S.K.: 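Mind having a look at this structure? Questions to follow.
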Amino acid sequence: MVFSICGFAQGLTPEMRADIDRRISFQRKWGQANSPGAELRAVETHRQSVGKGVSFHAYQLQAKGLPFDVEYELLMLDTMASRPGDLQSVGDVWLDNRDGKVLDSNNSVHQLLIPDPAPGEPYRFAVSAKKGNNHAFITILPNPIEGSDHDCKVSVIRLMRNFELAFVQVTGFPRETEIAFRGNSEGEVHESKIKTNADGYGDLGILPAKLGKSKGKMEIQFTAPGCAPKVSFKWGKTEDGQVYQ
């Protein structure tokens, strides 16, 4: 099952721990809150690099399992958001009755443009009926942080701007099995175990910062019978206050 760890940060107040738990829980539930049978997909239609390390990503959203004759609202959740009250409205939308594409009020396909996403930065969207209880959610990761070994995969999501908090998901592991976790943040090592669920899924939250450091690199690995995927990411900010990546 799911598991959270905060072993890489010291001196957390009860309020800080509550905020961390709320952010992790909110991300975990985001992908599980669809109406029965509903699904929201993102199709990347364009990607362009502008200068060194700068990119723009364009997406179209497509819904399945939602009624077409309903007016919807497109909602967005910022990376730093931690509660339902942080949802922002992008505007009213409709669904194409042929293929479920999300349409603007003028019946043109709605285009999502994501400029220069940071590694692991989530872009979270939802279509929600203005009347009734029909909705679907999605997390788009234009610049994913992933590692795999055989069928086992680990993915890291940035839940705060400078990666003060990371949400780590593992999939494809043996079902209902304890898997070993090892994290190394600038020489500070923590080891633990998590147990996967009946689908071979598990997750945990990590605070990667090391005391006395303003930035650094986090290396993590999960080990189970038959696979041992690993991944790394940078946390903190540069001297001029920019995201360290």
Side-chain angles (χ1 to χ4, degrees), residues 1-28 52-53 79-80 82 116-122 141-174 177-196 200-245:
M1 292 300 292
V2 294
F3 180 81
S4 294
I5 183 170
C6 297
F8 290 87
Q10 306 296 325
L12 294 176
T13 66
E15 293 76 14
M16 292 168 67
R17 290 186 179 275
D19 180 63
I20 290 165
D21 289 342
R22 185 167 57 246
R23 291 175 188 273
I24 292 172
S25 178
F26 200 29
Q27 177 61 38
R28 183 181 290 146
K52 185 177 180 180
T79 302
M80 290 293 293
S82 63
D116 200 21
E121 184 175 8
L141 295 169
N143 191 358
I145 300 173
E146 299 174 338
S148 61
D149 183 32
H150 294 84
D151 293 329
C152 304
K153 180 180 176 181
V154 54
S155 176
V156 184
I157 298 177
R158 179 189 300 254
L159 289 190
M160 297 182 75
R161 173 175 167 76
N162 296 312
F163 246 141
E164 296 94 335
L165 174 62
F167 183 60
V168 183
Q169 297 175 297
V170 298
T171 55
F173 279 77
T177 300
E178 275 198 341
I179 58 177
F181 161 79
R182 185 180 190 272
N184 183 343
S185 181
E186 296 298 307
E188 183 178 344
V189 177
H190 287 263
E191 296 181 343
S192 186
K193 292 183 179 181
I194 67 172
K195 187 175 181 180
T196 58
Y201 170 88
D203 62 40
L204 70 160
I206 296 177
L207 300 175
K210 182 180 179 180
L211 191 64
K213 294 274 190 177
S214 63
K215 62 182 180 180
K217 183 179 180 181
M218 179 80 190
E219 299 174 332
I220 56 180
Q221 184 169 25
F222 293 87
T223 305
C227 66
K230 55 185 176 181
V231 72
S232 65
F233 61 93
K234 294 180 179 180
W235 53 265
K237 57 185 178 181
T238 62
E239 286 72 13
D240 59 357
Q242 300 300 309
V243 172
Y244 182 49
Q245 52 181 307

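Just so it is clear, the model here is predicted, and its values are computed rather than measured. Residue numbers count from 1 along this sequence. Computation of the quantities below employed the complete heavy-atom set of this structure, encompassing side-chain atoms and omitting hydrogens, waters and symmetry-equivalent molecules.
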S.K.: Test Phe167 against Asp203 for side-chain contact (heavy atoms from CB on, under 4.5 Å), laying out the working first.
M.R.: CA-CA 7 Å; Phe167 183 60; Asp203 62 40; 3.4 Å; yes

S.K.: With a 4.5 Å limit on heavy-atom distance, are the side chains of Phe181 and Lys193 in contact?
M.R.: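 When only atoms from C-beta onward are counted, Lys193 and Phe181 do not touch, as no gap falls below 4.5 Å.
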
S.K.: Measure from the side-chain N and O atoms of Thr196 to the backbone N and O of Pro174, and report whether any donor-acceptor pair falls under 3.5 Å.
M.R.: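 Yes, Thr196 side chain to Pro174 backbone: donor-acceptor pair under 3.5 Å.
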
S.K.: Of all heavy-atom pairs between Arg158 and Pro122, which one has the smallest distance, and what is that distance?
M.R.: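 Reported closest heavy-atom pair: O-CD, 3.0 Å.
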
S.K.: Specify the closest pair of heavy atoms between Gln27 and Ile157, including all atoms of both residues, with the distance to one decimal.
M.R.: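 That closest heavy-atom pairing would be NE2-CD1, 3.9 Å.
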
S.K.: How far apart are the closest heavy atoms of Asp149 and Gly226, and which atoms are they?
M.R.: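 Nearest pair, atom of Asp149 first, then Gly226: OD2-O, 4.5 Å.
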
S.K.: Give the C-alpha distance, both sets of side-chain angles, the deciding distance and a yes or no for side-chain contact (heavy atoms from CB on, under 4.5 Å) between Thr223 and Ile179.
M.R.: CA-CA 6 Å; Thr223 305; Ile179 58 177; over 6 Å; no

S.K.: Got a salt bridge between Arg17 and Asp21, using NZ or NE/NH1/NH2 to carboxylate O under 4.0 Å?
M.R.: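 Salt bridge flag = no for Asp21 with Arg17.
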
S.K.: Pick from Asp19, Leu159, Ile206: which one makes a side chain to side chain contact (heavy atoms under 4.5 Å, CB included) with Leu165?
M.R.: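 When side chain to side chain contact (heavy atoms under 4.5 Å, CB included) is applied between Leu165 and each of Asp19, Leu159, Ile206, only Leu159 qualifies.
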
S.K.: For a quick test of reading the model, state the closest non-hydrogen atom pair linking Ser155 to Leu141 and the distance between them.
M.R.: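 Looking at all heavy atoms of both residues, the closest pair is OG-CD1, 4.2 Å.
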
S.K.: Please determine whether a side-chain nitrogen of the Lys or Arg among Glu178 and Lys195 lies less than 4.0 Å from a carboxylate oxygen of the Asp or Glu.
M.R.: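 So Glu178 does not pair with Lys195 through a salt bridge.
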
S.K.: Using only atom types and a distance under 3.5 Å, with no angle test, would you say the side chain of Glu164 pairs donor to acceptor with the backbone of Asn162?
M.R.: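 Yes, Glu164 side chain to Asn162 backbone: donor-acceptor pair under 3.5 Å.
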
S.K.: Within this structure, what is the CZ-CD distance for the pair Arg182 and Gln221, rounded to the nearest 0.5 Å?
M.R.: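 Arg182 atom CZ to Gln221 atom CD measures 8.0 Å (nearest 0.5 Å).
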
S.K.: Side-chain contact, heavy-atom cut-off 4.5 Å: Val170 with Ile194?
M.R.: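 Answer yes - side chains close enough.
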
S.K.: Kindly assign one of parallel, tilted or perpendicular to the pair Phe173 and Phe222, based on the angle between their ring planes and the thresholds 30° and 60°.
M.R.: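 The arrangement is perpendicular - the two ring planes meet at more than 60°.
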
S.K.: Would you say the side chain of Lys215 lies within less than 4.5 Å of the side chain of Lys234, judging by non-hydrogen atoms?
M.R.: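 Not touching, per the 4.5 Å side-chain cut-off.
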
S.K.: Can you name the closest pair of heavy atoms from Ile220 and Gly183 and give their distance?
M.R.: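 Closest approach of Ile220 to Gly183: CG2-CA, 4.0 Å.
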
S.K.: Taking Glu188's backbone N and O only, do any of them form a donor-acceptor pair with Ser185's side chain (distance below 3.5 Å, no angle check)?
M.R.: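 No.
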
S.K.: Do you see a donor-acceptor pair shorter than 3.5 Å between the side chains of Glu121 and Thr79?
M.R.: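 Side chains of Glu121 and Thr79: pair found under 3.5 Å.
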
S.K.: Between Trp235 and Met160, does a side-chain contact (heavy atoms from CB on, under 4.5 Å) hold up when you go through it step by step?
M.R.: CA-CA 10 Å; Trp235 53 265; Met160 297 182 75; over 6 Å; no

S.K.: Are Lys230 and Glu219 ion-paired here, with the side-chain N under 4.0 Å from a carboxylate O?
M.R.: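 No, this pair does not count.
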
S.K.: What are the two closest heavy atoms between Cys227 and His150, and how far apart are they?
M.R.: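 Result for this residue pair: CB-CB, 4.5 Å.
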
S.K.: Before you tell me yes or no, could you show the steps for Met218 and Asn184 under side-chain contact (heavy atoms from CB on, under 4.5 Å), namely the whole-Å CA-CA distance, both residues' side-chain angles and the distance that decides it to 0.1 Å?
M.R.: CA-CA 6 Å; Met218 179 80 190; Asn184 183 343; over 6 Å; no

